[in-house]
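Here is the structure we will look at, set down as structure tokens.
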Amino acid sequence: MSVENSFPFRASAPVPHAAPAVVMLSARRFVLGCAVAASVLLIVGRLAAFPMSLLAAEVFATILALFLFSSFKYQLHKNALTYGMSLVIVATFCGLSTSAWHVEIAENGGWLWAREHLLSFGGLDDLVHADTMLFILGLTFFVSVIAQTRLLEGITFFLLQRYRGAILPTVVAVTAVVAFASGILDGVSMIGLTIRTLVIILMLAAAPISAIRHAVMVCTAVTTICGIWLAYGEPPNLIMKANLEPYLDNAFFLRYCAPAAVASYLVIVWQLRKKLGSKRIDLDAMDVIDANAEDVRFLQAMRHGEVLSPFEIDEEYAASLGEKTEPVLERLRQGESLGIALVHENVPEAARKELLGHFVSEDLADALDKHYVLDAAGDHKGALEAEKIVDDTLAALAPRRRLAQKIGILALIPFIGLLIWHSVSHDVPLFWASFAGFFVALAGIANIPKMRGLALREAKHEYAEYYFLFPLFLSITLLTKAGFFDQMATLIHRGIETVGPAHMAFAQFLGSTFLSAILDNNVVADFASRALLNLDVGVLHLFAMAQIAGYALGGCWTHIGSAQSVVAYAFIRRDIDEHYTPVRWIKEMTPVIIEILVLITVIIYLESALLAWLH
């Protein structure tokens with residue numbers, strides 16, 4: 001789910017005339033500069049062959065620049081960085097003395113090479129992981145459609161009722177559902193849903209901002225580390241699976257990665273227990289809108305084509321609220337409903353009805369406002385009578401929402417069925433599964449234009465976060481064809497002979513964790529996994545598990561390690577604390593990272609001992 005419409009409250013306005021915290025460098029100038037440099041390299045490459053070390057240096061400089069130009073004052077859009085540098089990298093590759101593709105073109109000609117590697121699906125899959133990226137595209141749309149049915153909100157409030165308002169067991173159960181789903185569905189989509197839902201619950205409990213911020217950060221770990229139990233939820237898992245075909249199958253992930261996912265989840269539960277304690281929500285005192293959260297949000301999407309929180313409404317109508325904006329916002333943070341907060345702050349009736357109409361539905365604005373006025377005056381019987389029309393409207397809407405949810409759940413049948421078919425026969429493209437699930441799920445909301453448009457917009461916005469990967473995948477493929485990873489494989493073999501598989505697996509775990517913390521974990525997964533081929537299958541499985549755990553753990557450690565971290569950090573910066581820094585993220589996340597690191601280290605050495613015993 002896109003984070004564009006999922007921020008529940010806004011940070012305070014910046015100080016006027018303050019110096020900008022970030023200076024964005026010109027993307028156009030950078031790409032033009034890269035084009036000029038690429039042209040020069042093409043000319044020079046005809047006069048003298050380039051060493052492979054130059055190509056490797058350019059690729060790793062690009063990957064490192066993603067960290068540098070997204071973490072400090074001077075920043076550059078990641079698409080401009082990767083697409084611009086890809087021009088330089090391709091030009092350098094053309095000037096190498098030899099490579100597998102140089103030999104192929106010399107023997108068969110450029111047209112045959114292009115037909116095999118550029119004009120075929122298999123060639124594009126080898127070049128830029130086309131099957132994986134198409135699968136993620138379909139999965140993004142699939143999950144975005146299911147999100148509009150408000151299924152997770154329904155599960156959350158059902159659990160809240162079951163646990164009689166207790167926050168901790170509700171949040172633990174919700175995160176367990178999300179952890180399981182993140183192994184099958186896109187973790188980036190899942191984090192948007194999870195953040196939104198948990199913040200709703202915590203705000204109802206009037207939890208402190210520190211607890212809300214911690215819950216947001218925990219969502220990163222739940223959807224990243226706990227999602228490694230199966231290949232399909234996390235792009236690094238899919239990339240590893242594609243690079244090490246046929247050695248990594250679903251049985252591998254269940255056998256090797258699921259224990260690490262479960263252990264990580266236990267750490268997360270312990271962290272939640274310390275932060276949430278015995279907080280409860282008084283279910284009898286819940287607002288009519290909060291008590292019917294899934295139907296209200298379904299109605300919002302259906303009527304308005306957007307799902308806004310009370311905090312976003314407060315910000316959007318700041319001009320109408322004037323000096324009441326901040327007091328209303330403060331009441332919302334203390335757990336009051338939007339309507340009660342407006343009444344308590346003596347917001348004029350016309351403005352109250354305008355806000356409530358935009359928040360829920362214009363034809364319910366009068367009834368809602370009357371309900372809140374009577375409730376604030378202590379006339380609870382009159383308030384209940386006034387909300388009857390709201391209850392009737394939501395009750396009439398519920399069957400339509402349940403139908404959409406049922407269709408969304410049924411969409412899992414072709415999705416999972418095609419995943420199984422793909423695991424049996426790799427001639428079946430992986431992306432068929434996610435697109436099949438998307439088209440079936442879309443039938444549930446196809447006749448609701450505004451909701452359908454919202455789902456497609458959010459999916460498009462989310463998938464745009466993956467565009468920068470295409471040139472990076474191309475660059476790593478060029479390194480592969482140049483023989484760079486043969487040298488890395490040789491180093492791994494020497495390491496096994498020198499220190500043994502156990503210590504080598506641990507070293508790869510630490511290395512993957514560190515690299516994924518400062519670089520995007522998708523990229524680290526692509527280049528690190530290519531050096532594992534030609535190993536004994538047992539050792540390959542051990543090393544692959546260590547790397548996958550490292551990608552997931554490092555991806556949570558910093559604000560740019562994974563797409564989920566980017567989403568969560570942006571949420572905190574924009575809606576909790578605009579002064580929140582990457583250093584604070586690292587400081588607050590490190591205790592969780594260390595605890596999980598210790599547990600996974602134990603798992604790695606236990607697996608190593610088992611491998612040694614079997615052999």
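Keep in mind it's a predicted model, so treat the numbers as computed, not measured.
Judged by distance alone, the side chain of E595 and the main-chain N or O of V267 form no donor-acceptor pair under 3.5 Å. Proximity of a side-chain donor or acceptor of S565 to a complementary backbone N or O of G555 within less than 3.5 Å is detected. Proximity of a side-chain donor or acceptor of N243 to a complementary backbone N or O of D526 within less than 3.5 Å is detected. At distances below 3.5 Å, at least one donor-acceptor pair connects side-chain atoms of H422 with backbone N or O atoms of V428. In this structure, S423 contributes its side chain and I420 its backbone to a donor-acceptor pair below 3.5 Å.
Aromatic ring centroids of W229 and F180 lie under 6.0 Å apart. Proximity of the aromatic rings of Y467 and Y83 is defined here by a centroid distance below 6.0 angstrom, and this criterion is not met. Annotation: H102 is in aromatic contact with F93 [ring centroid separation under 6.0 Å]. For F473 and F470, the gap between ring centers reaches or exceeds 6.0 Å. Ring centroids of F30 and F69 are separated by 6.0 Å or more, keeping the two rings apart.
When side chains are defined from C-beta on, I228 does not count as touching F253, because their heavy atoms never get closer than 4.5 Å. V567 places none of its side-chain heavy atoms less than 4.5 Å from the side chain of T220. In this structure the side chain of L430 reaches within 4.5 angstrom of the side chain of L419, judged on heavy atoms. A 4.5 Å side-chain heavy-atom check between Y463 and M133 finds at least one atom pair inside the cut-off. The side-chain heavy atoms of N108 and E116, taken from C-beta on, include no pair separated by under 4.5 Å. For the pair Q271/M217, no side-chain contact is recorded, criterion being any heavy-atom separation below 4.5 Å from C-beta on. With a 4.5 Å cut-off on side-chain heavy atoms, L276 and L202 count as touching.
A salt bridge is defined here as a Lys NZ or Arg NE, NH1 or NH2 lying under 4.0 Å from an Asp or Glu carboxylate O, and D126 with K481 meets this definition. Residues E465 and K78 are paired through a salt bridge, judged by an N-O separation under 4.0 Å between the basic side chain and the carboxylate.
Under a cut-off of 6.0 angstrom, the local environment of NZ in K587 is sparse, with at most 12 non-hydrogen atoms contributed by other residues, nucleotides or ligands. Surrounding OH of Y466 are more than 12 heavy atoms belonging to other residues, nucleotides or ligands, all under 6.0 Å away. Atom CZ of R255 has more than 12 neighbouring heavy atoms from other residues, nucleotides or ligands inside a 6.0 Å radius.
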Distance-only donor-acceptor pairs under 3.5 Å for side chains of residues 497-508, two or more places apart:
| from | atom 1 | to | atom 2 | distance (Å) |
| --- | --- | --- | --- | --- |
| T498 | OG1 | R494 | O | 2.8 |
| H503 | ND1 | Y605 | OH | 2.9 |
| Q508 | OE1 | Q547 | NE2 | 2.6 |

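Once rounded to the nearest 0.5 Å, the distance linking CD1 of I600 with CD of E607 reads 12.0 Å. Taking OG from S562 and CG from L553, the interatomic distance works out to 10.5 Å, rounded to the nearest 0.5 Å. For the atom pair L535 CG and H541 NE2, the distance stands at 11.0 Å (nearest 0.5 Å). Note that CG of L611 and CG of L542 are 6.0 Å apart. Values are rounded to the nearest 0.5 Å.
Shown are L198, I195, L272; of these, the side-chain contact (heavy atoms from CB on, under 4.5 Å) with V218 is made only by L272.
Considering all non-hydrogen atoms of both residues, L41 and A91 come closest at CB-CB, 3.9 Å. Closest non-hydrogen pair, L76 versus A27, comes out as CD1-CA, 4.0 Å.
Under 3.5 Å, the side chains of T558 and W585 contain no donor-acceptor pair of N or O atoms. A donor and an acceptor atom, one from each side chain of Y232 and N250, are located under 3.5 Å apart. Inspection of the Y265 and T175 side chains reveals an N or O donor paired with an N or O acceptor under 3.5 Å.
Using bins of under 30°, 30° to 60° and over 60° for the plane-to-plane angle, the ring pair W113/H117 lands in the tilted bin.
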